[in-house]
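Residue numbers start from 1 in every chain, and the chains themselves are labelled A, B, ... in the order their sequence lines are given, proteins ahead of strands. Computation of the quantities below employed the complete heavy-atom set of this structure, encompassing side-chain atoms and omitting hydrogens, waters and symmetry-equivalent molecules.
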Number of protein chains: 2
Amino acid sequence: MKSSRESPASGPRQHLLETASRLFYLEGINAVGVDRILQQAGVTRATLYRHFAGKEALVVAYLEREDALIRHHLEAAADRAVSPDHMLELVIEGIAEDAWRHHTRGCPFINATAEFPDPANPVRQVVSRHRVWFRAVLEEYLTAAGREDSAIKADTLVMLRDAVLVGSYLDDSEASRRTFLRTARCAAGLP
Amino acid sequence: MKSSRESPASGPRQHLLETASRLFYLEGINAVGVDRILQQAGVTRATLYRHFAGKEALVVAYLEREDALIRHHLEAAADRAVSPDHMLELVIEGIAEDAWRHHTRGCPFINATAEFPDPANPVRQVVSRHRVWFRAVLEEYLTAAGREDSAIKADTLVMLRDAVLVGSYLDDSEASRRTFLRTARCAAGLP
DNA sequence: CGAGAGAGAAAGAACGATCGTTCTTTTACG
DNA sequence: CGTAAAAGAACGATCGTTCTTTCTCTCTCG
């Protein structure tokens, strides 16, 4: 009894969200209209407005999905890590891998912020929550690994993550990756 | 003989460009239509399309103006510098000051790139040229100051500049500034 | 058991508003 | 008087959203 009323996430809603996410990320949010999303997803307007309140809700869901994916990746790394130091190394390698393989069009959150100037906008609040969470997790890992000034080191790693995502997109991705790995390992107190 | 045909830059064109630049930067490029630019500038459509080929040309002029402003700031710093090391310090302080005081809505080039996915687009080419130039200038200053691995250090400083511009906008600008100054001075081999 | 009423979701036309651009008219100056 | 710039109406296209219609099940009652 997989009622589409009680849990409609698996069906058209999920497909719609994935299609919209791809377009939003690859072409920018304001640049893609609902018509193209609907056309690419193979659904009609009524389907969209049944599962989402509007385009902005779709954008929020897109960023929340990105946030969930990153949290999932981090949890997977935490399971594989054999020590706090190893965890730091896995996080740094994971960021480099993500910038090099998946997020080749920059950071979804930074890009979204470029198009949403109002900090009170729900879209911006998703971005803020994600960044606060990510910084806190980094600080936690640094503290667990016994680092001094873990707050400062976490700030540095957040900045470097922003930098490698932007740099991989705008400049030479290979050089950005190497620069990131070197500086991030240094900032995290890794050999 | 300041003919408005031979050098129309001083008059309505300059005013239009400054108005458009402010709106593009503060609200995003795709988010501001020509109507609002015209309204805020106090001119009509005909004036815009006389001085610019279209909105895209206006965007290109906006970014070229940002590029020119940064080049001007760097030249001013070069005049004040009393030594290569001092020049490096001035550049780093200038970036921090710029992110903290003027560019509080992120980097105009990074933000523009979020909205223009096509690398062949004229807008993107302005961004590329700016970044290549900036990186080369940094490397030149580092070499002049006798630093080893000036290419690597230049890459690092470019990344840190991206990071502080993004971080000042999205996170706590004071913390971003401090983190940038510390890491950038370290990367440049400054005390 | 089968026909029909009814609810729910999808399809697609249509809405006003705004997008960037072009055109015709008016104004101003040499 | 003639030329060029500015004013503003108007263009088709697209924006995000809403509305009416169609379809498809399910449940019910004859």
Side-chain angles (χ1 to χ4, degrees), chain A residues 1-21 23-24 26-63 112 114-118 121-123, chain B residues 1-21 23-24 26-63 112 114-118 121-123:
Chain A
M1 197 237 283
K2 68 178 252 318
S3 155
S4 63
R5 178 144 49 93
E6 294 192 356
S7 115
S10 329
R13 186 195 144 99
Q14 187 73 8
H15 176 58
L16 202 42
L17 179 54
E18 285 171 4
T19 303
S21 296
L23 289 175
F24 284 156
L26 290 179
E27 309 191 22
I29 295 170
N30 285 329
V32 322
V34 291
D35 292 27
R36 191 131 55 86
I37 297 172
L38 299 172
Q39 174 196 335
Q40 287 248 344
V43 301
T44 58
R45 292 179 150 69
T47 309
L48 193 161
Y49 286 96
R50 172 161 340 279
H51 296 287
F52 298 93
K55 187 190 180 183
E56 188 175 284
L58 196 54
V59 177
V60 168
Y62 151 57
L63 291 178
E115 302 198 62
F116 289 80
D118 181 12
N121 189 290
V123 172
Chain B
M1 197 234 285
K2 68 176 253 325
S3 153
S4 63
R5 178 144 46 94
E6 294 193 357
S7 113
S10 329
R13 185 195 146 96
Q14 187 72 8
H15 177 58
L16 202 44
L17 178 55
E18 285 172 6
T19 303
S21 295
L23 290 174
F24 284 156
L26 290 180
E27 309 190 21
I29 295 170
N30 285 329
V32 324
V34 291
D35 293 24
R36 191 132 54 87
I37 297 172
L38 298 173
Q39 174 196 335
Q40 287 247 345
V43 300
T44 57
R45 292 178 151 68
T47 307
L48 193 162
Y49 286 95
R50 173 160 340 279
H51 295 287
F52 298 94
K55 187 189 180 184
E56 188 175 283
L58 195 56
V59 177
V60 168
Y62 151 58
L63 291 179
E115 302 197 62
F116 289 80
D118 181 12
N121 188 290
V123 172

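- Among the nucleotides C:dA11, D:dA7, C:dT22, the one closest to any side-chain atom of B:Thr47 is D:dA7.
- Closest-nucleotide positions on DNA chain D for A:Ala31 and A:Ala53 were compared, and the one nearer the 5' end corresponds to A:Ala31.
- The interatomic distance linking A:Glu115 (CD) with D:dC15 (P) rounds to 14 Å, in whole Å.
- A straight line from NE2 of A:His51 to C1' of C:dG8 spans 11 Å, rounded to a whole angstrom.
- A:Leu16 contributes atom CG, which lies 6.5 Å from atom CG of A:Leu38 (distance to the nearest 0.5 angstrom).
- Side chains of B:Leu17 and B:His51 form no contact here, defined as non-hydrogen atoms less than 4.5 Å apart.
- In this entry the distance linking NZ of B:Lys55 with P of D:dT14 reads 16 Å, nearest Å.
- Scanning for side-chain contact (heavy atoms from CB on, under 4.5 Å) contacts around A:Glu27 gives A:Leu23, A:Val32, A:Arg36, B:Pro117, with sequence neighbours left out.
- In this structure, A:Phe52 atom CZ and D:dG16 atom C1' are separated by 15 Å, rounded to whole Å.
- Evaluation of atom-type donor-acceptor distances gives a pair under 3.5 Å for the side chain of B:Arg50 against the base of D:dA6.
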Which side-chain N or O atoms in residues 42-49 of chain A pair as donor and acceptor under 3.5 Å with protein atoms at least two apart or in another chain?
from    : atom 1 : to      : atom 2 : distance (Å)
A:Arg45 : NH2    : A:Asp35 : OD1    : 2.4
A:Arg45 : NH2    : A:Asp35 : OD2    : 3.1

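- Here A:Gln39 pairs with nothing under the side chain to side chain donor-acceptor pair (under 3.5 Å) rule; sequence neighbours left out.
- Whole-Å rounding puts the B:Leu48 CG to D:dA5 P distance at 15 Å.
- Put simply, CD on B:Glu56 is 18 Å from P on C:dC19, counting in whole angstrom units.
- Residues from residues 32-46 of chain B with heavy atoms under 4.0 angstrom of DNA chain D, sorted by number: B:Thr44, B:Arg45, B:Ala46.
- Across the protein-nucleic acid pair, A:Glu27 atom CD and D:dT14 atom C1' stand 15 Å apart, rounded to whole Å.
- The structure places CG of B:Asn30 at 4.5 Å from CD of B:Glu115, a figure rounded to the nearest 0.5 Å.
- Going from atom CG of B:Leu58 over to atom P of C:dG20 covers 10 Å, rounded to whole Å.
- For B:Phe24, the ring pair (Phe, Tyr, Trp, His ring centres under 6.0 Å) partners at least two apart in sequence or on another chain are B:Tyr62.
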